[in-house]
Amino acid sequence: MAMMRAIGLMSGTSLDGVDVALIETDGEDVKVVRSHNGYLEPLGPTGYRGYSDEDRELLRRALSDSEAVVAREDRPGCLPEAEAFVTAAHAEAVEAFLSANGLSAADIDVIGFHGQTVVHRPDQRMSVQIGDGAALSRRLGIPVVSDLRHADIAAGGQGAPLVPVFHKALAKAAGYEGALGILNIGGVANATLIASNGDVIAFDTGPGNALIDDWMRERTGRPLDDGGRTAARGRPDEPLLAWLLTHPFFVRRPPKSLDRNWFSHKLAGQLSTEDGAATLTAFTARSVARALDHAPEIPTRWIVAGGGARNGELVRLLNYHLRAEITTADAIGWSSAYLEAQAFAHLAVRSLKGLPITFPSTTGVREAMTGGVLARPDA
């Protein structure tokens with residue numbers, strides 16, 4: 001199949017900003033370049049539009065107001081304002097990206113637009129990502145595929161995670177053999193487990209950076225624990241950790257997905273800043289290790305991506321608990337920061353071509369199915 005140039009956009013649960021990534025893909029394979037050491041070179045240019053403190057406050061209010069949502073069309077409270085902001089911010093991000101890379105709208109075949117998740121309740125067959133795909137398409141003059149979770153949710157799936165089909169394409173391009181784990185640590189952490197025979201299962205493992213970020217913002221005013229240095233100075237509260245890991249989510253068999261708000265950083269509220277950071281960081285690491293309870297084949301290698309890959313203390317704990325070779329996506333020529341944005345570019349092309357984006361072993365849907373809503377600029 002012919003390669004297409006696709007842009008992927010991602011604004012995750014960490015509420016840090018909009019990631020932009022360009023890849024070339026036919027929906028099955030991704031175009032890569034190998035470096036002299038055999039690793040992959042970056043797939044394509046990337047960009048970023050950060051959120052200001054005011055932007056993040058608006059999105060946090062939207063998350064709070066979204067608790068009143070009972071139907072996916074509902075937009076109570078500040079959600080209309082937040083949806084307009086999300087759409088405009090993504091448009092600005094793409095416009096700046098195209099300008100910085102000497103590209104025009106005519107150079108891009110499609111955009112994969114995730115939007116901002118404000119509700120994820122698969123048990124109620126509802127997942128809401130705010131952002132207007134049709135308005136984005138009109139402003140940019142480029143076809144946009146959005147609402148990529150709804151078809152799976154409506155068919156009884158979890159609607160998450162969506163990135164495993166891209167993980168598998170990357171692993172194929174890299175020539176990896178043997179059992180492989182790919183761990184993406186955003187606000188929530190999710191794992192893709194690829195067996196030696198190519199079978200794939202995927203699921204959310206538990207909290208990622210969200211609790212740590214919330215803790216640091218409340219205690220220090222900083223948006224994150226830079227490098228995990230605060231956690232490294234503390235000691236985890238072992239009884240609290242043991243209690244947290246008894247949550248029914250961790251024994252539930254995959255596929256499964258987690259709402260960002262299922263756990264709160266306030267559970268560590270009685271601890272010092274350092275001990276709280278250490279406890280919440282250990283909670284993320286140990287909940288990833290619990291994922292091995294559900295692995296049909298224990299990975300011998302893990303690739304860690306997402307914001308958590310930059311947290312040295314978290315990576316150290318993962319290395320201890322997983323007892324396997326661990327590397328970051330950046331170290332092998334993948335992108336820790338932009339992997340999800342790249343994935344949504346890949347998913348947009350798959351959606352255009354009617355290829356499946358979710359599977360029984362990744363979301364629990366009854367059969368492999370495509371998804372997404374296409375908007376064209378002239379519609």
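Only one option out of I182, L183, L180 pairs with W302 in a side chain to side chain contact (heavy atoms under 4.5 Å, CB included); it is L183. Put simply, the residue from N190, I357, L339, T362 that forms a side chain to side chain contact (heavy atoms under 4.5 Å, CB included) with V163 is N190.
The distance from the CG atom of L347 to the CG atom of L148 is 6.0 Å, given to the nearest 0.5 Å. In this structure, H90 NE2 and D132 CG are separated by 12.5 Å, a value rounded to the nearest 0.5 Å. The CG atom of D74 lies 11.0 Å from the CZ atom of R72; values are rounded to the nearest 0.5 Å. Rounding to the nearest 0.5 angstrom, the gap separating the CG atom in L98 from the CD1 atom in I108 is 5.5 Å. Atom CG of D16 is separated from atom OH of Y51 by 8.0 Å, given to the nearest 0.5 angstrom. The CD1 atom of I23 sits 12.5 Å away from the OG1 atom of T46 when rounded to the nearest 0.5 Å.
Ring-centre distance between Y338 and F344: not below the 6.0 Å cut-off.
Cluster membership check: I142 shares its hydrophobic cluster with V20, using side-chain heavy-atom separations under 4.5 Å among Ile, Leu, Val, Met, Phe, Trp and Tyr. V118 and F113 fall within the same hydrophobic cluster, defined by Ile, Leu, Val, Met, Phe, Trp and Tyr side-chain heavy atoms under 4.5 Å apart, directly or through other members. One hydrophobic cluster holds both L258 and L241 under the rule that ILVMFWY side chains link at heavy-atom gaps under 4.5 Å. Using a 4.5 Å cut-off between side-chain heavy atoms of Ile, Leu, Val, Met, Phe, Trp and Tyr, with links allowed through other members, W215 and L244 fall into the same hydrophobic cluster. One hydrophobic cluster, built from ILVMFWY side chains closer than 4.5 Å, cannot hold both F359 and I153; they sit in different ones.
Side chains of Q342 and S335: no donor on one and acceptor on the other come within 3.5 Å. Side chains of Q129 and S127: a donor on one and an acceptor on the other come within 3.5 Å. Side chains of H265 and E218: a donor on one and an acceptor on the other come within 3.5 Å. Counting only N and O atoms by type, the side chains of R149 and H120 include no donor and acceptor under 3.5 Å apart. Between the side chains of T363 and D152, at least one donor N or O lies within less than 3.5 Å of an accepting N or O. In this model, a donor atom of one side chain and an acceptor atom of the other lie less than 3.5 Å apart for Q116 and S11.
Across all their heavy atoms, G181 and P299 have their closest contact at N-CB, 3.6 Å. The two atoms that bring T327 and A331 nearest to each other are OG1-CB, 3.4 Å, heavy atoms only. For the residue pair G371 and A151, the shortest heavy atom distance occurs at CA-CB, 4.1 Å. Here the closest non-hydrogen pair linking A329 and A305 is CB-CB, 3.9 Å. For the pair P143 and L374, the tightest heavy-atom approach, listed with the atom from each and the gap, is CB-CD1, 4.1 Å. Shortest non-hydrogen contact noted between A155 and R366 is O-NH1, 3.3 Å.
Counting heavy atoms from C-beta outward, N184 and E340 have side chains that approach closer than 4.5 Å. No side-chain heavy atom of F97 sits less than 4.5 Å from a side-chain heavy atom of Y48. Taking 4.5 Å as the limit, every side-chain heavy atom of P122 sits out of range of all side-chain heavy atoms of Q124. Looking at H346 and V30, their side chains come closer than 4.5 Å, going by heavy atoms from C-beta outward.
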- Query: Under the side chain to side chain contact (heavy atoms under 4.5 Å, CB included) criterion, do V128 and S66 qualify, and how do the steps go?
  - Reply: CA-CA 9 Å; V128 178; S66 69; over 6 Å; no
- Task: Evaluate the criterion side chain to side chain contact (heavy atoms under 4.5 Å, CB included) for residue pair L63 and D65; output intermediate values, then yes/no.
- Result: CA-CA 6 Å; L63 286 169; D65 289 349; over 6 Å; no
- Give the intermediate values and the outcome of side chain to side chain contact (heavy atoms under 4.5 Å, CB included) for residues F166 and L170. CA-CA 6 Å; F166 180 64; L170 278 181; 3.6 Å; yes
- Stepwise, does the side chain to side chain contact (heavy atoms under 4.5 Å, CB included) test hold for K256 with D204? CA-CA 6 Å; K256 56 184 178 178; D204 288 348; 5.6 Å; no
- Task: Dump the intermediate steps for salt bridge (Lys or Arg N to Asp or Glu O under 4.0 Å) on D26 and R350, then the final yes or no.
- Result: CA-CA 8 Å; D26 62 4; R350 289 186 68 86; over 6 Å; no
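Under the 4.0 Å criterion applied to side-chain N and carboxylate O atoms, E28 and K353 are not assigned as salt-bridge partners. Between E57 and R217 there is no salt bridge, since none of the side-chain N atoms of the basic residue sits less than 4.0 Å from a carboxylate O of the acidic one. Of the charged side-chain nitrogens involved, none lies within less than 4.0 Å of a carboxylate oxygen, so that R56 and D213 do not count as a salt-bridged pair. Between R233 and D225 there is no salt bridge, since none of the side-chain N atoms of the basic residue sits less than 4.0 Å from a carboxylate O of the acidic one. Taking the charged nitrogens against the carboxylate oxygens, E313 and R229 have no contact shorter than 4.0 Å, which rules out a salt bridge.
A donor-acceptor contact shorter than 3.5 Å links the side chain of T284 to the backbone of P207. In this structure a side-chain-to-backbone donor-acceptor pair under 3.5 Å is present from T25 to D29. The closest donor-acceptor contact from the side chain of T281 to the backbone of A278 lies at 3.5 Å or more, if one exists at all. A donor-acceptor pair under 3.5 Å is formed between the side chain of T220 and the backbone N or O of R222. D147 places no side-chain N or O within donor-acceptor distance of the main-chain N or O of V373, the cut-off being under 3.5 Å. A donor-acceptor pair under 3.5 Å is absent between the side-chain atoms of T230 and the main chain of E274, judged by distance alone. Remark: the backbone N or O of V200 is paired with a side-chain donor or acceptor of S361 at under 3.5 angstrom. Looking at S99, its side chain never comes within 3.5 Å of a backbone N or O of E95 through a donor-acceptor pair. Under a 3.5 Å cut-off, the side chain of E24 and the backbone N or O of M3 do not form any donor-acceptor pair. R61 places no side-chain N or O within 3.5 Å of a backbone atom of C78 that could act as its donor or acceptor partner.
Geometric assessment of R323 against the ring of Y320 yields a positive cation-pi assignment under the 6.0 Å and 45° thresholds.
With sequence neighbours excluded, no residue satisfies ring pair (Phe, Tyr, Trp, His ring centres under 6.0 Å) with H321.
Judged as a salt bridge (charged side-chain N to carboxylate O under 4.0 Å, His left out), not a single pair has a partner in residues 111-126 (not counting sequence neighbours).
Remark: E177 CD is loosely packed, at most 12 non-hydrogen atoms of other residues, nucleotides or ligands lying under 6.0 Å away. Sparse packing is recorded around CZ of R235, with 12 or fewer heavy atoms of other residues, nucleotides or ligands lying under 6.0 Å away. No more than 12 heavy-atom neighbours from other residues, nucleotides or ligands sit within 6.0 angstrom of CD on E367.
Ring geometry for F203 against H294 counts as perpendicular: the plane angle is over 60°, on a 0 to 90° scale with 30° as the lower cut.
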